[in-house]
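In this chain, numbering begins with 1 at the start of the sequence shown.
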Amino acid sequence: MKRNINLMAVLVLFMLLGGCKKMVDVQSTRAVAEPNMWNKLEDARGALLGIYGLARTAMVDNNAHWIYGDLRAKQFVSPTRQDLKAVIDNHLAASYPTLEALSSWRRWYAVINAANIFIERIPEVKKADLRYTANTMDLDIAQARFLRAFAYFYMVRIWGDVPLIISSHDGKFENKAQNTGSEVLAWAEKELSATLEILPNRYGLSDPKQPGLYYNEGSSRWQGTLARRISAYALLAHIAAWQGDYSKVASNATKVINEAGNAGVTLTDVGSLTNSSGFFSGKRDSHLLGFNFTFEQGEGGMSGHIEELTLASPFVNKAIPDLYIPKDAILDIFNEKKDTRFGLDTLGRPTSDRYFVNFDSRYPVFSKIKVVEGGSASTSPSEAKFSFFSSVALFTRLEDIYLLRAEANSVLGDRQSAIDDLNAIRSSRGLPNYIETTNGLVIDAIFKERKRELMGEGHLWYDLVRYNKIRQNNLAFTELIRNGGIYWPVSEQLLQQNKLLTQNLYWK
């Protein structure tokens with residue numbers, strides 16, 4: 001399972017991928033014929049879950065989510081891998097297979113093309129199979145639209161301008177130039193808004209948007225697995241934050257927080273957050289938006305999860321992690337007493353090993369996320385026979401949304417509301433309430449809390465971009481933003497295949 005592509009994703013990749021090669025870079029002919037594909041309810045279920053599988057693969061292939069989201073922020077250091085060092089140093093055009101793969105958007109256009117085909121062909125199932133109701137079809141289409149919008153937002157944060165493709169043309173594509181990132185995000189925002197009246201907050205229960213069983217299965221099958229209305233509000237909040245529209249951030253984040261109870265979404269205590277069989281393992285409603293790997297079903301792999309990069313002994317049979325955070329940086333981040341995530345006692349000894357173990361060694365091991373062999377393996381490498389990881393590929397959780405709303409209210413001038421949300425997270429981690437004389441400006445304290453709380457979850461680079469857009473007190477970073485250096489280069493292979501594409505200005 002080297003690339004974490006499960007059987008369903010593979011099947012749908014063959015069945016659903018119409019061609020994008022002429023327009024982007026996916027082969028334009030169908031791998032198998034589809035005369036028997038869109039005839040029955042089971043086809044609808046398989047095709048929809050296949051889109052989820054492709055989105056999950058796009059998140060984790062080549063450790064993409066964590067390399068994109070964490071490495072350029074220079075928090076982690078790589079002692080051995082030159083390709084990771086190149087990303088950390090912003091040498092993204094360096095000649096390494098990992099960087100070339102990450103410069104290509106093919107994984108995300110596979111998601112988009114599968115969603116396009118699903119939306120176009122799914123009425124055939126309703127016509128052919130009376131079991132497939134109009135309500136279920138509308139709900140399935142809303143999920144496909146959600147995943148397509150998510151894919152576009154994800155790509156805009158990485159490449160800026162990307163081609164906006166919203167129909168499959170039955171696999172007969174022509175080359176297409178990039179649309180501006182703002183055009184793509186405006187479209188994605190409309191798509192997500194259209195799903196809000198359709199998506200439920202619970203599947204397989206008594207949600208008025210989706211009463212009763214869903215595909216003949218109850219809530220335990222679907223929890224933490226499918227896009228929900230609360231997921232759409234969370235994604236809308238992130239899209240608005242990337243655009244600097246903080247009124248929309250505050251509005252959508254508030255809707256997430258207000259609907260959290262009905263959606264089974266809660267704040268997570270630090271014990272569960274860092275337990276090997278806790279928050280990052282299995283399927284959970286509090287995975288506000290994520291793509292899980294069920295160990296009991298053989299999902300996961302030795303590659304594609306953050307644990308592959310950050311764990312070493314005593315968790316796995318590996319002497320040196322590929323990535324670590326130096327001791328001085330750890331102490332600078334966790335510089336307040338009583339922090340239950342990490343801290344030192346009066347003798348300079350760690351008070352907790354939740355976020356880090358082997359702190360006094362040359363390479364402290366980042367241990368916050370450590371779902372090895374389903375979270376049930378011993379921390380002894382001699383007993384953990386395989387470095388098999390199955391942590392969720394998480395995009396957002398409720399703590400992220402609280403801090404995003406705090407960021408928005410700080411920018412909008414509602415200082416007290418910003419402080420209240422900041423304190424909600426601080427108090428849950430054993431810290432006293434925010435005091436300006438101790439913690440600095442509110443906006444600085446919010447972003448520092450995001451650095452602590454969301455460490456290793458793929459947020460830090462995007463947080464740095466937003467922070468520097470707000471504060472504009474770092475000339476070098478401001479120039480990087482102005483010149484488009486915050487984006488990745490477009491793969492040279494894509495540029496050769498589609499002459500209408502242009503390289504991002506910073507990388508020309």
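Glu457 has a carboxylate O that lies under 4.0 Å from a charged side-chain N of Arg397, or vice versa, which qualifies the two as a salt bridge. Between Glu197 and Lys209 there is a salt bridge, since a side-chain N of the basic residue sits under 4.0 Å from a carboxylate O of the acidic one. Between Glu191 and Arg148 there is a salt bridge, since at least one side-chain N of the basic residue sits less than 4.0 Å from a carboxylate O of the acidic one. Between Arg452 and Glu449, at least one side-chain nitrogen of the basic residue sits less than 4.0 Å from a carboxylate oxygen of the acidic one, meeting the salt-bridge criterion. The residues Arg429 and Asp339 are annotated as not salt-bridged, no charged nitrogen and carboxylate oxygen being separated by less than 4.0 angstrom. Lys318 and Glu307 are not joined by a salt bridge, as no carboxylate oxygen comes within less than 4.0 angstrom of a charged side-chain nitrogen.
Between the side chains of Thr396 and Asp400, at least one donor N or O sits under 3.5 Å from an acceptor N or O. Tyr246 and Glu407 share a side-chain donor-acceptor pair at under 3.5 Å. If you check the side chains of Tyr462 and His238, you find no donor sitting under 3.5 Å from an acceptor. With 3.5 Å as the limit, one finds a donor-acceptor pair spanning the side chains of Thr98 and Asp83. Side-chain contact annotation: Asp140 with Tyr132, donor-acceptor N/O pair under 3.5 Å present. When only modelled atom types and interatomic distance are considered, Thr254 and Arg405 share a side-chain donor-acceptor pair under 3.5 Å. With 3.5 Å as the limit, one finds no donor-acceptor pair spanning the side chains of Arg228 and Asn201.
Within the 4.5 Å cutoff, side-chain heavy atoms of Leu464 are placed close to those of Asn468. The shortest side-chain heavy-atom distance between Asn423 and Ser427 does not fall under the 4.5 Å cut-off. For the pair Met455 and Ile333, the minimum side-chain heavy-atom distance is below 4.5 Å. The side-chain heavy atoms of Ser168 and Ile117, taken from C-beta on, include a pair separated by under 4.5 Å.
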*Please lay out, stage by stage, how Tyr152 and Leu147 fare under the test side chain to side chain contact (heavy atoms under 4.5 Å, CB included).*
CA-CA 9 Å; Tyr152 273 118; Leu147 291 168; over 6 Å; no

_For a side chain to side chain donor-acceptor pair (under 3.5 Å) check, start with the C-alpha distance between Ser491 and Glu100, then their side-chain angles and the critical distance, and finish with the verdict._
CA-CA 6 Å; Ser491 165; Glu100 176 60 27; 2.6 Å; yes

*Just do the salt bridge (Lys or Arg N to Asp or Glu O under 4.0 Å) check on Glu399 and Arg450 with the steps written out, would you?*
CA-CA 9 Å; Glu399 287 81 359; Arg450 287 185 65 85; over 6 Å; no

_Before you tell me yes or no, could you show the steps for His287 and Phe395 under ring pair (Phe, Tyr, Trp, His ring centres under 6.0 Å), namely the whole-Å CA-CA distance, both residues' side-chain angles and the distance that decides it to 0.1 Å?_
CA-CA 8 Å; His287 295 162; Phe395 178 77; over 10 Å; no

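To the nearest 0.5 Å, the span separating CG on Asn409 from CG on Leu404 amounts to 10.5 Å. Going from atom OG1 of Thr310 over to atom CD1 of Ile325 covers 9.0 Å, rounded to the nearest 0.5 Å. Here the CG-OH distance, from Leu226 to Tyr52, works out to 4.5 Å after rounding to the nearest 0.5 Å.
In terms of the side chain to side chain contact (heavy atoms under 4.5 Å, CB included) criterion, residue partners of Glu308 (sequence neighbours excluded) are, by chain and number, Asn63, Ser303, Phe389.
No side-chain donor-acceptor contact under 3.5 Å links Thr294 to the backbone of Glu296. Looking only at distances, no side-chain donor or acceptor of Ser231 sits under 3.5 Å from a matching main-chain atom of Ala227.
Aromatic ring centres of Trp66 and Phe76 lie farther apart than the 6.0 Å criterion allows. The aromatic ring centres of Tyr214 and Tyr203 sit less than 6.0 Å apart. Remark: aromatic rings of Phe366 and Phe356 are close, center separation under 6.0 Å.
Taking the centre and axis of the six-membered ring of Trp222, the NZ or CZ atom of Lys283 falls outside the cone set by 45° and 6.0 Å.
By the 6.0 Å contact criterion, NZ on Lys451 is open, its count of non-hydrogen atoms from other residues, nucleotides or ligands being 12 or less. At most 12 heavy atoms of other shown residues, nucleotides or ligands fall within 6.0 angstrom of atom CG in Asn216.
Below 30°, between 30° and 60°, or above 60°: for Tyr68 and Trp159 the angle between ring planes is above 60°, a perpendicular geometry.
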